[in-house]
J.: 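Provided herewith is a single structure, encoded as structure tokens, for subsequent inquiry.
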Amino acid sequence: MSLRIASWNINSIRARPHLIQQLVADHDIDILCLQETKCEDNAFPRAAMEALGFRHFNLAGQRMHHGVAILSKLPLEPVYRYDWQANGEARHIAVRLPSGVVLHNVYVPAGGDIPDRALNPKFGQKLDFLSRMTDWSGALGESSIILGDFNIAPHPEDVWNHKALLDVVSHTPVEVEALTNLRESHNWVDLGRRFVPVPERLYTWWSYRASDWQASNRGRRLDHVWASPDIASTATALHTLVPARSWERPSDHVPLVAEFDL
DNA sequence: ATGGTGGTAAAACCA
């Protein structure tokens, strides 16, 4: 069975249903994993999404901030939600695919502006979130896919200027180390770099604060799709849909579309 | 070095 699984930080589902419509019209998405839906589950635009062919919803939303969702054209078994911070923030939801593989959709905290735990509690919370995720991931026994907005660009080629971003949250050495520890805890395979190896540059996010995002091209690869090593070979492609950054009223993130024979 | 934009929701706070 061929599955097309998309991951997208949509930056408010209610502000951008037209982007989902465009993605589904251009690409044949079976399962859509969203981050930053920014709405409670009872406000989720189900009818509009059903009109695009998604009949099955696994929602973990909250008022105003965060929020993740998995929309699917095929029925999926809910697995669980996880709260690595134990603070109620809606940052994870998981489902089981028909093959038995578990799909985890995650929104890692951004971490604030100052990369110092003492001066900026949000940065410490981000590192602690990753540390707890690493413990959880190391104990996972199942074939799994984990994807979403990880809010870290690990390689020098994952940012527009490695040296300039060494002290910018998302690319600091301590964050890169935390993401490396997470990846190695389960020998996760970074599919983004499997299909577009370093040193080619690859970005998934461009700030809104640029007059011309394409001309300046100050991007970062913050969004990721990882597979557990036993099923990594079932991945046949991972597309980064850069043109979506120019769609009407865009998200600052672009969608990733992964293809699996599962 | 600074500030640049956008969503939520009604003034900041978050990204």
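First the proteins, then the strands, lettered A, B, ... as listed; each starts at 1. Values in this document were obtained by computation on a predicted structure and should not be read as measured data.
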J.: Specify the separation, in whole Å, of atom CG of A:D252 and atom P of B:dG4.
T.: 17 Å

J.: Could you tell me how far B:dA9 sits from B:dA15 if I compare only their P atoms? Round to whole Å.
T.: 15 Å

J.: So does A:R201 pair up with A:E157, basic N to acidic O under 4.0 Å?
T.: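 Result for this pair is no, no salt bridge flagged.
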
J.: Would you say A:S12 reaches B:dT8's phosphate, i.e. side-chain N/O to OP1/OP2 under 4.0 Å?
T.: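 For A:S12, the contact criterion (side-chain N or O under 4.0 Å from OP1 or OP2 of B:dT8) is met.
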
J.: B:dA15 P sits how many Å from A:D223 CG, rounded?
T.: 15 Å

J.: For A:D113, look at atom CG and say whether over 12 heavy atoms of other residues, nucleotides or ligands are found less than 6.0 Å away.
T.: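 It does not: A:D113 CG has 12 such atoms or fewer within range.
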
J.: Would you call the rings of A:H92 and A:Y82 parallel, tilted or perpendicular if under 30° counts as parallel and over 60° as perpendicular?
T.: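 Rings of A:H92 and A:Y82: perpendicular, as their planes differ by over 60°.
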
J.: What is the distance, to the nearest angstrom, from the NE2 atom on A:H253 to the C1' atom on B:dT5?
T.: 14 Å

J.: What integer number of Å spans the C1' atoms of B:dA11 and B:dG7?
T.: 14 Å

J.: Ignoring backbone atoms, test whether A:R249 places a side-chain nitrogen or oxygen under 4.0 Å from the OP1 or OP2 oxygen of B:dG7.
T.: no

J.: Is there a Watson-Crick or G-U wobble partner for B:dC13 with both distances under 3.5 Å, and which nucleotide is it?
T.: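 With both distances under 3.5 Å, B:dC13 matches B:dG7.
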
J.: Hey, can you tell me if A:W8 and A:W247 have their rings parallel, tilted or perpendicular (30° and 60° cut-offs)?
T.: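 Rings of A:W8 and A:W247: perpendicular, as their planes differ by over 60°.
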
J.: If I take atom NZ in residue A:K38 and atom C1' in nucleotide B:dA10, what distance separates them, rounded to the nearest angstrom?
T.: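 Atom NZ in A:K38 sits about 15 Å away from atom C1' in B:dA10.
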
J.: Does this structure show an ion pair linking A:R209 with A:D252, if we count only N-O contacts that are shorter than 4.0 Å?
T.: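 Not counted as a salt bridge, because no side-chain N and carboxylate O are separated by less than 4.0 Å.
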
J.: Suppose we call a contact any N or O donor and acceptor under 3.5 Å apart; does that hold for the side chain of A:R209 and the base of B:dA15?
T.: yes

J.: Of the listed nucleotides (B:dA9, B:dG6, B:dA15), which one gets closest to any side-chain atom of A:R91?
T.: B:dA15

J.: What's the CZ-C1' distance between A:R218 and B:dT5, to the nearest Å?
T.: 15 Å

J.: In whole angstrom, give the distance that lies between atom CH2 of A:W213 and atom C1' of B:dG6.
T.: 17 Å

J.: When both hydrogen-bonding distances must be under 3.5 Å and the geometry is Watson-Crick or G-U wobble, what is B:dT2 paired with, if anything?
T.: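 Its partner is none (no Watson-Crick or G-U wobble pair with both distances under 3.5 Å).
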
J.: Write down the distance between OH (A:Y208) and C1' (B:dG7), rounded to a whole number of angstrom.
T.: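 So the OH-C1' distance, A:Y208 to B:dG7, works out to 8 Å.
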
J.: Between C1' on B:dC14 and NE2 on A:H66, what's the gap in Å once rounded to a whole number?
T.: 8 Å

J.: At 4.0 Å (heavy atoms only), tell me whether A:R63 reaches a base, stays on the sugar-phosphate, or touches nothing.
T.: sugar-phosphate

J.: Rounding to the closest angstrom, what is the interatomic distance between B:dA10 and B:dC14 at atom C1'?
T.: 15 Å

J.: Please compare A:G111 and A:A15 by the position of their nearest nucleotide in DNA chain B and report the one closer to 5'.
T.: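 Taking each residue's closest nucleotide, the earlier one in sequence belongs to A:A15.
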
